[in-house]
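Both backbone and side-chain heavy atoms feed into the values below; hydrogens, waters and symmetry mates do not.
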Amino acid sequence: QRVVTLWILSKSSAMKRLLLLLLCVSIVKSQFDYDEEPGVGARGHRPLDKRWEATPTLRPAPPPISGGGYRARPSQPQASHLKKLERKAPDAGGCLHADPNMGVLCPTGCVLQDTLVKQERNIKTTVRDLGNEVDELSQSTSTSFQYVGTLKELWAKKQKQTIDNQNAVNGFSSELEKHQIYIQETVNTHIPNNLRVLRSILENLRSKIQKLESDVSAQMDYCRNPCSVSCNIPVVSGKECEEIIRKGGDTSEMYLIQPEGFAKPYKVYCDMKTENGGWTVIQNRQDGSVDFGRKWDAYKKGFGNIAINEDAKKYCGLPGEYWLGNDKISHFTKMGPTELLIEMEDWKGDKVKAHYGGFTVQNEANKYQISVSKYKGTAGNALMDGASQLVGENRTMTIHNGMFFSTYDRDNDGWVTADLSKQCSKEDGGGWWYNRCHSANPNGRYYWGGHYSWDMAKHGTDDGVVWMNWKGSWYSLKKMSMKIRPFFPQQ
């Protein structure tokens with residue numbers, strides 16, 4: 001029984017050694033297979049995602065252990081002196097070991113060896129397949145790891161976007177709440193109050209409109225009657241104001257004159273005070289009460305109010321706004337040498353004048369062509385020299401001397417263009433001796449206050465009562481008058 005027990009223990013020990021040996025051989029061969037086939041792609045590391053992971057560093061290693069251990073091996077006797085005895089292993093139905101000293105392998109070990117040898121090729125193939133699967137799994141794992149990183153980034157962005165959207169929604173919600181409160185307050189409180197205020201304003205305007213309508217109706221009834229100036233006309237008369245002053249008429253007022261013996265007399269305003277008197281006023285602007293944007297026939301015959309009553313006086317001592325008439329002016333200048341005096345006043349009360357020693361206007365057949373000469377004064381020689389602000393041909397376009405008379409229905413200006421709507425009289429507001437177009441515009445539109453701008457003008461032009469050489473294009477004068485008298489040497 002003891003012998004059997006020892007045999008079993010020795011057999012069990014041999015089996016353990018054999019299994020350990022086979023395991024080592026399998027590991028070495030599998031490693032050898034990987035070395036033979038470098039294309040398998042085996043690795044022992046994990047891919048580093050530099051976006052999220054820090055670069056790994058080596059840890060400090062302790063020094064190797066030194067000292068102690070086994071003693072030296074005893075020396076072996078030389079083989080030449082000792083004769084090795086050959087031991088014949090008993091035939092126990094097994095196989096001989098490669099080392100004769102190890103004896104005979106047990107039958108169980110031989111069977112195991114045969115089995116392992118038979119399965120060796122299948123195991124190598126299986127191991128190789130497993131290696132390929134491990135490589136594929138490694139690649140798939142690396143791709144999945146990248147996908148996971150990408151998904152994390154997208155998720156972080158989505159979370160940030162969600163937070164931003166939530167903040168924006170909260171902001172809009174608060175603004176909407178404020179607007180809703182404001183609208184509710186406006187609808188419930190402000191609008192009713194404003195409506196009540198507007199109703200009261202509307203009622204006030206309605207009453208004012210009714211009053212204006214009644215006033216307009218009364219004014220229309222008044223205007224249906226012919227206008228008349230109730231004032232005494234002096235008995236003294238003459239061909240023109242110069243002859244009247246020489247006959248003793250020394251007050252500035254309205255007179256009757258008769259340039260020709262058999263012609264019908266007509267009314268004029270005589271200035272008997274300015275520069276020794278004797279001036280016949282042919283044009284006057286002072287308050288904008290008369291519209292000067294008129295047709296050819298109106299300028300031919302004349303229009304406006306010659307004179308008005310002066311306070312507490314029975315005679316017409318103040319000139320009105322009027323144009324004497326081109327036929328009358330032409331006839332005056334054809335009677336002999338005539339001088340022209342143009343007086344101006346701005347809205348501050350400053351005054352200037354332009355005096356022309358020679359002045360002639362042709363008849364209607366010659367389109368009332370103007371001629372002036374011998375300038376002197378303080379306003380600037382606009383009629384002969386043009387606008388002082390311009391130079392060259394631009395300045396030449398603003399000279400009035402030698403021009404024909406133009407109105408918006410009779411275009412005789414110097415603006416030659418194929419576009420019939422482009423004419424100076426239509427754009428500059430009155431009849432005048434326009435060139436292309438003006439440096440002086442005494443018959444232009446009347447603007448209160450002086451300064452005006454292009455957006456106030458009907459056609460965007462400088463259409464005011466303008467004398468450019470004094471106040472420029474965009475200043476409309478308060479007063480302007482044109483006076484003539486026969487030229488005579490002054491003593």
Side-chain angles (χ1 to χ4, degrees), residues 49-52 144-223 285 287-293 346-348 408 419 421-430 437 441 444-466 471-478:
D49 192 343
K50 296 182 178 180
R51 294 169 297 179
W52 306 100
S144 299
F145 188 79
Q146 294 178 357
Y147 286 159
V148 169
T150 304
L151 289 175
K152 285 182 179 180
E153 292 181 359
L154 293 176
W155 175 251
K157 292 179 180 179
K158 291 294 183 182
Q159 283 185 327
K160 184 178 182 302
Q161 185 66 37
T162 302
I163 294 172
D164 294 340
N165 292 340
Q166 187 64 35
N167 294 334
V169 169
N170 293 336
F172 285 125
S173 299
S174 61
E175 290 294 328
L176 287 175
E177 291 177 358
K178 292 179 182 179
H179 287 299
Q180 183 180 6
I181 295 172
Y182 174 76
I183 291 172
Q184 289 177 351
E185 292 178 352
T186 302
V187 171
N188 297 332
T189 305
H190 299 300
I191 290 180
N193 294 335
N194 292 336
L195 286 176
R196 286 192 291 270
V197 173
L198 289 175
R199 287 192 187 98
S200 63
I201 293 174
L202 183 61
E203 293 296 331
N204 189 18
L205 289 175
R206 185 177 289 111
S207 63
K208 289 183 178 180
I209 290 173
Q210 291 175 353
K211 185 178 182 302
L212 286 173
E213 287 177 348
S214 63
D215 293 341
V216 169
S217 178
Q219 189 67 26
M220 290 179 65
D221 293 338
Y222 175 77
C223 290
R285 305 295 301 276
D287 54 17
S289 59
V290 175
D291 180 17
F292 276 66
D346 66 10
W347 290 85
K348 294 180 180 180
Y408 68 84
D419 188 355
S421 63
K422 300 294 185 181
Q423 53 176 330
C424 297
S425 180
K426 182 179 294 185
E427 294 190 357
D428 291 348
C437 280
N441 195 31
R445 292 185 176 89
Y446 196 87
Y447 290 94
W448 284 85
H451 292 286
Y452 68 105
S453 58
W454 65 269
D455 54 342
M456 298 168 61
K458 186 176 181 180
H459 298 280
T461 60
D462 54 338
D463 59 355
V465 181
V466 168
K471 291 292 184 177
S473 297
W474 302 105
Y475 189 94
S476 185
L477 299 175
K478 182 179 181 180

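- Side chains of K348 and K478 form no contact here, defined as non-hydrogen atoms less than 4.5 Å apart.
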Item checked: Test log, rule ring-ring contact (aromatic ring centres under 6.0 Å, His included), inputs W454 and W474 -> CA-CA 8 Å; W454 65 269; W474 302 105; 8.4 Å; no
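- T150 places a side-chain N or O within donor-acceptor distance of the main-chain N or O of Q146, the cut-off being under 3.5 Å.
- How far OG of S476 is from NZ of K471: 12.0 Å, rounded to the nearest 0.5 Å.
- Considering only residues two or more places apart in sequence or on other chains, D455 meets the side chain to side chain donor-acceptor pair (under 3.5 Å) condition with S453.
- Between L477 and Y446, the closest heavy-atom pair is O-CE1, 4.0 Å.
- Side-chain atoms of V466 and Y452, non-hydrogen and from C-beta on, do get closer than 4.5 Å to each other.
- With sequence neighbours left out, the ring pair (Phe, Tyr, Trp, His ring centres under 6.0 Å) criterion links Y408 to no other residue.
- Here the side chain of S425 pairs a donor or acceptor atom with the backbone of G430 at under 3.5 angstrom.
- E177 pairs by the side chain to side chain donor-acceptor pair (under 3.5 Å) definition with nothing, not counting sequence neighbours.
- Residues satisfying the salt bridge (charged side-chain N to carboxylate O under 4.0 Å, His left out) criterion with D463, sequence neighbours excluded, are R445.
- Under the rule for a side chain to side chain donor-acceptor pair (under 3.5 Å), the partners of Q166 that lie at least two apart in sequence or sit in another chain are N170.
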Validation: residues 198-210 side-chain donor-acceptor distances under 3.5 Å, sequence neighbours left out:
from : atom 1 : to   : atom 2 : distance (Å)
S200 : OG     : V197 : O      : 2.5
E203 : OE1    : R206 : NH1    : 3.2
E203 : OE2    : R206 : NH1    : 2.9
S207 : OG     : E203 : O      : 3.4
S207 : OG     : N204 : O      : 2.6

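- The two residues E427 and H459 make their nearest non-hydrogen contact at CA-CD2, 3.6 Å.
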